[in-house]
Amino acid sequence: RSHYMFVLDGQGKACGFAGWALTSFEKAEAWGEGAAPLSFQDSLAGECVVFNAWMAETSGAHRFMVDVIRLNMREKKTLYFKRHYADGSMRPVRLPVNKFVVRHVESRRLADLS
């Protein structure tokens, strides 16, 4: 599907990874609630993004990944992921994609260039 990204540090070592699926609102909601897994066919296209893998070794790598995802997924409606806790519990998270989020990232990038 090519729904993934690696982040490399200055020495070419992987320091971040994200994997996702594109799917419909109904399928994303069911996945988030644990009611149904996503099949390969369910993961090819849709208005929602389901993150099924996320690893960042540093806060800088994490921030970079968040910014890239926000910019590249700006045409989607909602981002989904699951927070897993040490006690074994899980909480589904839904983040609506809106123009404010994209403008915020773009303004930060412009500030970094100045």
Can Phe25 and Tyr80 be said to form a side-chain contact (heavy atoms from CB on, under 4.5 Å), step by step? CA-CA 10 Å; Phe25 172 78; Tyr80 290 79; 3.5 Å; yes
Step by step, would you call Arg63 with Val66 a side-chain contact (heavy atoms from CB on, under 4.5 Å)? CA-CA 5 Å; Arg63 179 85 265 149; Val66 168; 3.0 Å; yes
Between Ile69 and Met5, does the side-chain contact (heavy atoms from CB on, under 4.5 Å) criterion hold? Intermediate values first, please. CA-CA 9 Å; Ile69 291 295; Met5 78 166 150; 3.6 Å; yes
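Taken together through direct or relayed side-chain contacts under 4.5 Å among Ile, Leu, Val, Met, Phe, Trp and Tyr, Met73 and Trp31 form parts of separate hydrophobic clusters. Clustering ILVMFWY residues whenever any of their side-chain heavy atoms sit less than 4.5 angstrom apart, transitively, puts Val49 in a cluster other than the one holding Leu44. Under the 4.5 Å side-chain heavy-atom criterion for grouping Ile, Leu, Val, Met, Phe, Trp and Tyr, Met90 is not connected to Val50 through any hydrophobic cluster. Note on Met65 and Val93: same hydrophobic cluster, where clusters join Ile, Leu, Val, Met, Phe, Trp and Tyr whose side-chain heavy atoms are under 4.5 Å apart, directly or indirectly.
Rounding to the nearest 0.5 angstrom, the gap separating the SG atom in Cys48 from the NZ atom in Lys27 is 12.5 Å. For the atom pair CG of Leu8 and SG of Cys15, the computed distance is 7.0 Å after rounding to the nearest 0.5 Å.
Here the side chain of Thr23 pairs a donor or acceptor atom with the backbone of Asp42 at under 3.5 angstrom.
No side-chain heavy atom of Leu79 sits less than 4.5 Å from a side-chain heavy atom of Trp20.
Using bins of under 30°, 30° to 60° and over 60° for the plane-to-plane angle, the ring pair Phe17/Phe6 lands in the tilted bin.
In this structure, Lys82 fails the cation-pi test against Trp54, since its NZ or CZ atom is not both closer than 6.0 Å to the six-membered ring centre and inside 45 degrees of the ring normal.
Minimum interatomic distance between His3 and Ser43 (heavy atoms only, all atoms of both residues): CE1-O, 3.3 Å. Across all non-hydrogen atoms, the minimal contact from Ala14 to Glu57 is O-OE2, 4.0 Å.
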